[in-house]
Asker: 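Here it is, the structure, as structure tokens.
Heads up: numbering here begins at 1 and tracks the sequence. Values reported hereafter were calculated over all heavy atoms of this structure, with side chains retained and with hydrogens, waters and symmetry mates removed. Start at 1 and go down the list; that is how both ligands and their atoms are numbered.
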Amino acid sequence: MEFVRLDGERLTLVFALEVGGGADLVYLGARLPAGEDLAMIAAATAHGRHESQPDVPPVPGLLPEGKAGWSGTPAVRLSERHEDTCFLCATDFRLAAWEHYPTELVLTFYDEMLGVDIEQNWWLGPSGMICTEASINNGGGRRLVLDRLSALALPLPRRFTHLTSFSGRWAGEMREATRPIAPEGFARTSVAGKPGFAGGNWLIFEDPASGEVLGAHLAWSGDHDTRIDPDMVGSADGRAVLQMGASWDGGEVDLAHEGGYRTPVAMVALAADRSALAQVFHTHARAILPNREAWPPRKVHLNSWEALGFNLSEAGLMRLAEDAAALGIERFVLDDGWFGGRRDDTTSLGDWFVSPDIFPNGLGPLIARVHELGMDFGLWVEPEMVSPDSDLYRAHPDWCLHTEGRERPTMRGQLALDMARAEVRDYLFERLDALLREHAIAYLKWDHNRDLFPSGPGQTEGFYALLDALRAAHPQVEIESCSSGGGRIDYGTLSRCTRVWPSDNNDAIERLRIIPAWSQFLPLEVLGSHVGPSPNPITGRRLAMDFRAKVAMFGHMGVEADPARMTDKERECLGQHIALYKAWRSVLHAGDLHRLAHPDPEVTAMMVVHEGKALALAAQTAFSPVFDAAPLRLAGLEPDARYRVTLPEPWPPRAQHYLAAPERWRGDLTLSGTALMTQGLALPLTHPETAWLIALERLPE
Ligand code: GLA
């Protein structure tokens with residue numbers, strides 16, 4: 001048995017490796033001192049044999065298999081075809097070799113009888129993100145079919161006893177629930193051809209005693225299989241094993257023909273608390289987002305969807321653009337309804353030609369007007385879909401995913417194109433490329449509104465191939481990933497996009513749940529965050545503009561409402577917040593995000609700290625049980641530094657009357673980081689729809 005370690009700045013992983021045997025992770029935690037005897041670490045946590053175990057107790061390790069009596073899900077499952085039957089293979093992978101680099105470990109496992117090897121790569125990414133992927137290669141000439149291969153199999157340190165997972169639905173993404181890891185384990189899969197609203201590709205484990213957390217994610221935009229098997233039967237130490245990988249339908253990954261398969265990357269982050277965890281994810285995201293360091297400030301969008309819906313006309317859009325510019329909007333986005341005969345959602349997906357009914361002279365005049373008004377122009381597309389009522393479908397009825405001889409059930413009146421087919425991708429590339437060449441389009445909102453049923457092999461790879469080809473041809477175009485809101489959000493899309501649409505639900509109260517949940521993993525600059533109409537078209541709730549606008553500032557801000565239907569006061573208030581967003585986006589989009597705790601569960605608060613400046617949001621959604629809310633304690637500040645505290649105006653209309661000495665909050669208050677983080681600031685947070693911004697500036701010493 002040999003022991004090797006991978007060290008990040010703050011963490012260490014210790015692997016136990018036995019050539020001819022298995023590989024295991026015997027330590028995952030705070031960085032160990034240089035001279036630590038790694039064999040002792042393993043010895044200190046080893047267990048003796050107990051009753052009712054196989055004679056040689058199985059160790060699931062980094063490549064769990066059922067071979068020695070481990071009762072959980074195997075990380076690899078292979079079947080073999082014999083004439084017209086298919087049998088499950090009994091696998092026996094043994095560690096054949098390993099290579100150790102400063103921040104990377106490559107493990108090669110080999111099943112001699114099958115002639116198959118599996119290579120597992122473990123490496124540390126930016127800010128200490130632990131990344132793994134696996135690949136399998138069939139060198140034995142057998143007719144093998146791959147049923148599953150986990151990108152990650154991680155024996156969880158026993159101190160992580162609690163699990164936070166997410167569930168959700170359309171317009172209600174990322175609902176968080178925390179509970180002990182149950183003896184029966186945990187399993188989540190998606191079958192829609194994308195991660196889906198239910199967020200099964202994101203997990204957080206917690207040690208409740210210390211608050212330490214471990215976050216996990218699979219960077220894959222297709223279906224996933226996530227499971228936790230606490231082994232109650234066979235293994236030596238009862239550890240739960242977390243596995244994450246892509247999932248697919250039986251027979252799709254045929255190793256006889258393809259020879260090999262590579263998993264997507266899975267990632268795991270370790271941190272002292274939730275805020276620190278978010279920062280590890282954000283640093284990693286900022287490193288993989290395309291060309292992130294060269295991004296200009298994130299422009300304020302106005303999106304036509306909740307402003308006009310399908311009610312589009314050139315004159316109406318020009319009027320909307322003028323109203324948008326008057327508010328300080330910087331990018332005008334034409335959403336659904338601009339192409340083919342698309343006057344509602346039953347028709348024309350696939351016909352990516354500008355509709356002459358709405359734009360008799362093409363998009364040119366509208367774009368010219370948008371430019372004249374000082375904004376750039378963005379466009380909505382949904383390339384992977386086709387409406388049965390479309391010229392594309394009439395010409396190529398076989399281009400959609402379907403089963404010969406079966407019905408073709410629609411969803412939102414549409415079918416999905418088979419993205420594995422080169423001619424489908426070629427057609428879409430030709431159309432999108434032509435649109436981008438013929439028009440000055442700065443941004444595409446790339447939507448995906450139908451689940452894949454039936455599915456087919458190669459859909460996610462086809463999506464990536466089209467997106468990558470288009471990005472290569474038009475590197476300056478920003479692309480947002482939308483899937484009826486947050487149906488396809490993962491680090492696979494994030495490495496190709498500049499923005500995601502977290503939810504179709506723009507209701508600010510819902511957003512106060514949805515944005516903190518996504519921002520656990522994604523930095524604010526990629527989270528589209530729009531001021532919607534009141535009443536909100538999805539929830540029906542009416543909310544004051546001051547509240548909607550303050551909440552929308554914590555993200556990539558936009559407006560998705562018609563300014564013509566706002567009162568003068570609302571427009572003024574919105575304009576003021578757009579100006580505030582512009583003043584603060586360099587902090588919000590580059591800094592460290594901290595989640596702020598408050599004793600009132602109806603108060604949501606967070607802050608971003610960057611280079612001595614910080615902006616916090618504190619929002620009350622209910623009627624507080626006490627009149628004077630507890631002070632809000634800040635975080636992430638330098639304890640000894642002094643900060644000037646102000647409450648950026650406009651102030652929430654009702655709550656401002658309860659401020660003691662309002663003048664103090666206009667620049668007359670200076671406090672140490674320690675005072676701000678320990679005692680905090682008493683703000684009126686009594687009434688629903690109250691939101692405060694708190695600005696901090698570090699004073700020179
Ligand atoms: C989806 C998107 C929305 C909007 C509509 C247009 O639902 O999530 O934001 O673009 O499509 O049809």
Asker: Considering only heavy atoms of S484, which atoms of ligand 1 have at least one such atom less than 4.0 Å away?
Answerer: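 Atoms satisfying the 4.0 Å criterion: 8 (O).
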Asker: Considering heavy atoms of the protein only, find what lies nearest to atom 12 (O) of ligand 1 and give residue, atom and distance to 0.1 Å.
Answerer: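 Of the protein heavy atoms, D336 OD2, 2.6 Å lies nearest.
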Asker: Do D447 and N449 get their side chains close enough for a donor-acceptor pair, meaning under 3.5 Å?
Answerer: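 Judged by distance alone, the side chains do pair up.
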Asker: Assess, by modelled atom type and distance only, whether the side chains of R408 and Y393 contain a donor and an acceptor separated by less than 3.5 Å.
Answerer: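 Distance-only check passes for R408 and Y393.
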Asker: In terms of atom number and element, which parts of ligand 1 are under 4.0 angstrom from non-hydrogen atoms of C482?
Answerer: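 By the 4.0 Å cutoff, the relevant atoms are 2 (C), 8 (O).
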Asker: What is the nearest protein non-hydrogen atom to atom 11 (O) of ligand 1, stated with its residue, atom name and distance?
Answerer: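 Result for atom 11 (O) of ligand 1: D447 OD2, 3.0 Å.
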Asker: Have a look at D335, V381, N303, N449 and point out the one with the heavy atom closest to atom 4 (C) of ligand 1.
Answerer: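 Minimum heavy-atom distance to atom 4 (C) of ligand 1 goes to D335.
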Asker: When you measure from atom 9 (O) of ligand 1 to each heavy atom in K445, E382, R412, R342, which option holds the nearest one?
Answerer: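 Residue with the shortest heavy-atom distance to the ligand atom: K445.
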Asker: Side chains of E306 and N536 only: does a donor on one sit below 3.5 Å from an acceptor on the other?
Answerer: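 Side chains of E306 and N536: no pair found under 3.5 Å.
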Asker: Counting from 1, what ligand 1 atoms have a heavy atom of W501 closer than 4.0 Å?
Answerer: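 So the answer, numbered in order with elements, is 9 (O).
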Asker: Has R342 got its NZ or CZ under 6.0 Å from the middle of the six-membered ring of W338, at an angle within 45 degrees of the ring axis?
Answerer: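 No cation-pi geometry.
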Asker: Is D504 close enough to touch ligand 1? Criterion: a residue heavy atom under 4.0 Å from a ligand atom.
Answerer: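 Yes, D504 has a heavy atom closer than 4.0 Å to ligand 1.
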Asker: Honestly, is R511 close enough over W501, meaning NZ or CZ under 6.0 Å from the six-membered ring centre and within 45° of the axis?
Answerer: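 Verdict for W501: a cation-pi partner in R511.
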Asker: Does any N or O of ligand 1 fall below 3.5 Å from an N or O anywhere on G485, backbone included?
Answerer: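 Yes, G485 has an N/O under 3.5 Å of an N/O on ligand 1.
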Asker: Answer yes or no for R496 and Y464: cation-pi contact, defined as NZ/CZ to six-membered ring centre under 6.0 Å and angle to ring axis within 45°.
Answerer: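 Yes, cation above the ring, under 6.0 Å and within 45°.
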Asker: Do L317 and F332 come within less than 4.5 Å of each other through their side chains, counting heavy atoms only?
Answerer: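 Yes, at least one pair of side-chain atoms sits under 4.5 Å.
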